[in-house]
Amino acid sequence: QVVLAESGGGSVEAGGSLRLSCVVSRSIHLTNCMAWFRQAPGQEREGVASIYTGGSIPTTTYDDSAKGRFTISQDIAENTVYLQMNSLKPEDTAMYYCAAAWSEASWWCGRRRTADFTDWGQGTQVTVSS
C-alpha cells in the first residue's frame, strides 16, 4: 500500500497561485500513474490532472478546466508529485486529493477515473475568493 500526504492548500484571491505537494511513502518508481482529483461540496470527485511515467517520457493530461492554468510534475528524488495552480478561479474551490495507481498504459492513466486509483491521500483544501 502507498501512503500519500498532500500539503500546500490554502485560501487565495481569484487570480492567485498555489502549489500543492503530494509526498509518496514508497519509491515513486513503483507507481507509474499519479493524479490530482478535486471534490467540491455536493459534487462528484473529478480528475484534474495526471502524469504517467511508464513510457520513455512522462505523459501528462488535464481536465479542460485546468488546461493552461495547472501543471502536474514529479520529482523522483523527492518521491513527490506537484500541482502548480495559476490564475485560480472561485470555481476551483474544492478539496484536492492526490492518488496513485499502477497503469498498464498511458491512455488508462490519462482517463483519470476515480475507480482506477487504489491509493488516496487525505486531501488539502483550496479556497479561492472572488
Do other residues, nucleotides or ligands put more than 12 heavy atoms under 6.0 Å from Q125 CD?
-> yes
Hey, is CD on Q122 packed in by over 12 heavy atoms from elsewhere, all under 6.0 Å?
-> no
How many angstroms lie between CD in Q84 and CG in L18, if you round to the nearest 0.5 Å?
-> 8.5 Å
If you measure only the distance, is there a donor-acceptor pair under 3.5 Å linking the side chains of [X] and [Y]?
X   : Y   : answer
N32 : T53 : no
R38 : S65 : yes
S21 : T80 : no

Check: [X] side chain, [Y] main-chain N or O, donor-acceptor pair, under 3.5 Å:
X    : Y    : answer
E6   : C22  : no
E104 : W108 : no
T31  : C33  : no
R112 : G110 : yes

Partners passing salt bridge (Lys or Arg N to Asp or Glu O under 4.0 Å) against R69 (at least two apart in sequence or in another chain) | D92
Test side-chain contact (heavy atoms from CB on, under 4.5 Å), reference M34, set C98, S50, C109, output is C98
With the side chain counted from C-beta on, respond yes when [X] and [Y] share a heavy-atom pair under 4.5 Å apart, and no when they do not.
X    : Y   : result
L20  : M85 : yes
R19  : L83 : no
P58  : Q74 : no
V126 : T93 : no
L88  : E13 : no
I72  : W36 : yes

S73: side-chain contact (heavy atoms from CB on, under 4.5 Å) partners, not counting sequence neighbours = Y82
Under a single-linkage definition using a 4.5 Å side-chain heavy-atom cutoff for Ile, Leu, Val, Met, Phe, Trp and Tyr, are V81 and Y62 assigned to the same hydrophobic cluster?
-> yes
F117: which other cluster members, linking ILVMFWY side chains closer than 4.5 Å, directly or transitively?
-> F37, M95, Y97, W120
Quick one: closest heavy-atom pair of V12 and S17, and the distance?
-> CG1-O, 4.0 Å
Please step through side chain to side chain donor-acceptor pair (under 3.5 Å) for the pair S7 and T124, ending with a clear verdict.
-> CA-CA 6 Å; S7 63; T124 184; over 6 Å; no
